[in-house]
Amino acid sequence: MTATTQDTPATHVVAVSAPTDLRRVYETASLNILRRYYDAVLTPEQWQDGSPLTHAHTLKVPALLVVGTEDQVCPREEGRSFAAASGARLLEIGGMAHEPREPDWSAIVQETLAWARLS
């Protein structure tokens, strides 16, 4: 997501179950391994600078954020807050967890194709 705030040849971006605020994901995620990973790899500057939400207002291409209502890793608030801050389109899929299942992917692809035609 952050790459689309810079000059890029991309014309659209679709993010599925994406963390947009690293600090919030760290505090709300139910997976301890995610917390340990963030503790091990993120520098103090990266907590803020590495969060796409920090750069949402500079988004340069249309974006579609896909969130699942049952995602325990990146809760739907991740996509909601980024969409609100950037003007990106938001797709919430009922019953979807962090890893989309085949029917979820079908809905994501259908929405992506319809959205790309409109933008």
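- Cluster membership for Leu34 and Val41, using ILVMFWY side-chain heavy atoms within less than 4.5 angstrom, is shared.
- The minimum heavy-atom distance linking Val61 with Ala10 is given by the pair CG1-O, 3.2 Å.
- Here the straight-line distance linking atom SG of Cys74 with atom CZ of Arg24 works out to 10.0 Å at 0.5 Å rounding.
- Between Ala97 and Ser17, the shortest heavy-atom distance links the atoms O-OG, 4.1 Å.
- Atoms CG and CD, from Leu53 and Glu78 in turn, are 8.0 Å apart once rounded to the nearest 0.5 Å.
- Residues Pro52 and Gly50 approach most closely at CD-O, 3.2 Å, considering heavy atoms.
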(request) Start with the C-alpha distance between Met96 and Val66, add both sets of side-chain angles, then the distance that settles side chain to side chain contact (heavy atoms under 4.5 Å, CB included), and finish with yes or no. (result) CA-CA 10 Å; Met96 185 178 96; Val66 182; 4.1 Å; yes
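- Counting heavy-atom neighbours within 6.0 Å of Glu99 CD, excluding the residue itself, gives a total of 12 or less.
- With sequence neighbours excluded, the residues forming a salt bridge (charged side-chain N to carboxylate O under 4.0 Å, His left out) with Arg101 are Asp104, listed by chain and number.
- Scanning all heavy atoms of the two residues, the minimum distance from Asp49 to His55 falls at O-NE2, 2.8 Å.
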(request) For side chain to side chain contact (heavy atoms under 4.5 Å, CB included), just list the numbers for Arg80 and Leu90, CA-CA rounded to whole Å, side-chain angles, deciding distance to a tenth of an Å, and then say yes or no. (result) CA-CA 7 Å; Arg80 286 178 174 173; Leu90 179 66; 3.6 Å; yes
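- Atom-to-atom distance recorded for Gln48:CD and Leu42:CG is 12.0 Å, nearest 0.5 angstrom.
- The structure places CD1 of Ile108 at 12.0 Å from CG of Leu113, a figure rounded to the nearest 0.5 Å.
- The distance from atom CD of Glu92 to atom OG1 of Thr69, rounded to the nearest 0.5 Å, is 7.5 Å.
- Judged by distance alone, the side chain of Thr20 and the main-chain N or O of Gly79 form no donor-acceptor pair under 3.5 Å.
- Grouping the Ile, Leu, Val, Met, Phe, Trp and Tyr side chains by contacts below 4.5 angstrom, directly or via other members, places Val16 apart from Val109.
- Arg35 places a side-chain N or O within donor-acceptor distance of the main-chain N or O of Ala29, the cut-off being under 3.5 Å.
- Shortest non-hydrogen contact noted between Leu91 and Ala107 is CD2-O, 4.3 Å.
- The backbone N or O of His98 lies less than 3.5 Å from no partner atom in the side chain of Gln72, so there is not a single donor-acceptor pair.
- Considering only residues two or more places apart in sequence or on other chains, Trp47 meets the ring-ring contact (aromatic ring centres under 6.0 Å, His included) condition with Tyr26, Tyr38.
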